[in-house]
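Excluded from the calculations below are hydrogen atoms, water molecules and symmetry mates; all remaining heavy atoms, backbone and side chain alike, are included.
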Amino acid sequence: MSIFVKQSRRNILAAGLSLVAALGLFAGSAQAQDAAKLGPQELVSKVANDTLKDLDANRAEYAKNKGKVRELVDKNMLPYFDTAYSAQLVLAKHWRTATPEQRKRFVEAFYQSLLQNYGEALLEFTPDRLKILPFQGNPADKVATVRTEIRRDNGSRVPVNYSLRQTDNGWKAYDVQIEGVSYVKSFRTDFGAEIDQKGLEAVIQRLEQQVASGTVKKPTEKANPA
């Protein structure tokens with residue numbers, strides 16, 4: 001998929017995924033319960049603004065120790081990003097035939113691989129790059145799309161939309177669409193082809209090994225020759 005090949009697209013996707021990851025910054029704080037009561041547009045707006053404010057105040061510190069960025073995202077991502085549902089959508093038909101253990105391992109490995117691929121891009125994300133557009137959905141719906149625009153280096157703006165769904169614990173994000181291209185569908189295509197060829201267990205083991213070694217690759221990337 002071109003979204004994973006072109007560097008500019010990758011950077012925008014990274015920013016989009018990082019912002020979704022940032023939707024957990026209220027976890028463990030007194031504001032967590034209040035955030036759970038917010039609508040999808042309010043949640044994205046408030047958490048994004050607070051996240052970017054924190055980045056601006058501590059950007060130099062995060063730049064010196066990038067592990068802290070991943071640690072921050074890892075600690076706070078889960079409350080507002082539905083990793084299990086997202087992973088289920090990515091695996092599609094293969095989710096139904098996976099064992100409970102395989103599902104659990106894939107969710108964890110997929111989540112950690114996202115952090116390795118995109119987490120550090122949060123360092124380059126600044127408030128002037130993000131514009132949250134007026135909400136056009138129905139507050140009573142169980143799913144919602146929050147529309148935003150991210151400014152490229154050349155000044156052009158790219159539509160980045162976030163898909164959220166209502167859960168028992170409030171709204172949670174599960175997908176990002178960059179210029180109409182869904183990251184869930186893109187990963188589904190790439191992982192699906194690899195699973196059909198090698199099997200789910202082999203794919204999970206590859207992800208786990210690459211996460212452990214810090215050498216995560218996208219399914220379409222080939223290892224460098226020895």
Side-chain angles (χ1 to χ4, degrees), residues 1-25 38-56 59 62-63 66 69-70 72-73 77 80-83 85-87 89-90 110-111 113-137 141 143-165 171-191 216-221:
M1 301 294 291
S2 61
I3 193 171
F4 299 127
V5 176
K6 296 181 180 179
Q7 188 65 27
S8 60
R9 284 283 187 89
R10 182 185 183 280
N11 289 340
I12 293 169
L13 178 60
L17 292 177
S18 296
L19 184 56
V20 170
L23 294 181
L25 285 181
L38 296 177
Q41 177 84 354
E42 297 169 310
L43 183 65
V44 170
S45 297
K46 182 172 179 56
V47 178
N49 290 335
D50 283 11
T51 300
L52 293 170
K53 182 178 179 180
D54 178 85
L55 278 174
D56 278 345
R59 201 176 298 273
Y62 290 141
K66 295 180 180 179
V69 178
R70 187 172 300 166
L72 176 67
V73 176
M77 185 178 184
Y80 295 107
F81 186 63
D82 201 336
T83 53
Y85 184 64
S86 183
L89 294 178
V90 167
F110 179 57
Y111 168 62
S113 70
L114 288 181
L115 291 183
Q116 284 196 18
N117 263 324
Y118 305 111
E120 291 179 5
L122 193 59
L123 286 174
E124 302 175 5
F125 200 61
T126 55
D128 61 302
R129 288 182 177 267
L130 173 67
K131 180 180 180 181
I132 299 178
L133 303 177
F135 186 61
Q136 296 182 343
D141 289 343
V143 294
T145 298
V146 175
R147 302 176 305 123
T148 76
E149 291 179 343
I150 292 181
R151 180 177 57 79
R152 282 193 175 107
D153 290 340
N154 64 7
S156 64
R157 290 192 171 272
V158 178
V160 179
N161 300 331
Y162 301 91
S163 296
L164 301 92
R165 68 175 190 146
W171 287 93
K172 291 191 177 185
Y174 64 88
D175 193 13
V176 186
Q177 298 89 39
I178 315 294
E179 293 184 311
V181 179
S182 159
Y183 102 90
V184 162
K185 291 181 180 178
S186 296
F187 275 117
R188 180 189 301 158
T189 298
D190 289 340
F191 278 117
V216 169
K217 302 179 184 67
K218 303 171 195 65
T220 53
E221 289 184 344

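Ion pairing between R165 and D141 fails under the 4.0 Å rule for side-chain N and carboxylate O. A salt bridge does not link R157 to E179: none of the charged side-chain nitrogens sits closer than 4.0 Å to a carboxylate oxygen.
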Item to complete: Please test T145 against N161 for side-chain hydrogen bond (donor to acceptor under 3.5 Å, both in side chains), starting from the C-alpha separation and ending with a verdict.
Response: CA-CA 6 Å; T145 298; N161 300 331; over 6 Å; no
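Shown here for R188 and L89, the closest heavy-atom pair between the two residues is NE-O, 2.8 Å. In terms of heavy-atom proximity, P40 sits nearest to F135 at CG-CZ, 4.0 Å. For the pair S182 and K185, the tightest heavy-atom approach, listed with the atom from each and the gap, is OG-N, 3.1 Å. Of all heavy-atom pairs between V90 and F191, the closest is CG1-CD1, 3.7 Å. When every heavy atom of D175 is checked against every heavy atom of V184, the shortest pair comes out as OD1-N, 3.2 Å.
Separating the CD1 atom in I150 from the CD1 atom in I178 is a distance of 6.0 Å, to the nearest 0.5 Å. Taken to the nearest 0.5 Å, the CG atom of D190 stands 7.5 Å off from the CZ atom of F187. In this structure, the separation between CG on L164 and CZ on F81 is 10.0 Å, given to the nearest 0.5 Å. To the nearest 0.5 Å, atom CZ of residue R147 and atom CD1 of residue I132 are 11.5 Å apart. Atom-to-atom distance recorded for R152:CZ and R129:CZ is 11.0 Å, nearest 0.5 angstrom.
Residues S163 and V176 are not in side-chain contact: their nearest non-hydrogen atoms beyond the backbone lie 4.5 Å or more apart. Inter-residue side-chain proximity for E149 and L133 is flagged as met; some heavy-atom pair is nearer than 4.5 Å. Residues R151 and D128 have side chains in contact (heavy-atom distance under 4.5 Å, counting atoms from C-beta outward).
Q41 meets the side chain to side chain donor-acceptor pair (under 3.5 Å) test with no other residue; sequence neighbours excluded.
Checking Y183 against S86 by side-chain atom types alone, a donor-acceptor pair falls below 3.5 Å.
The aromatic ring centres of Y174 and Y162 sit 6.0 Å or more apart.
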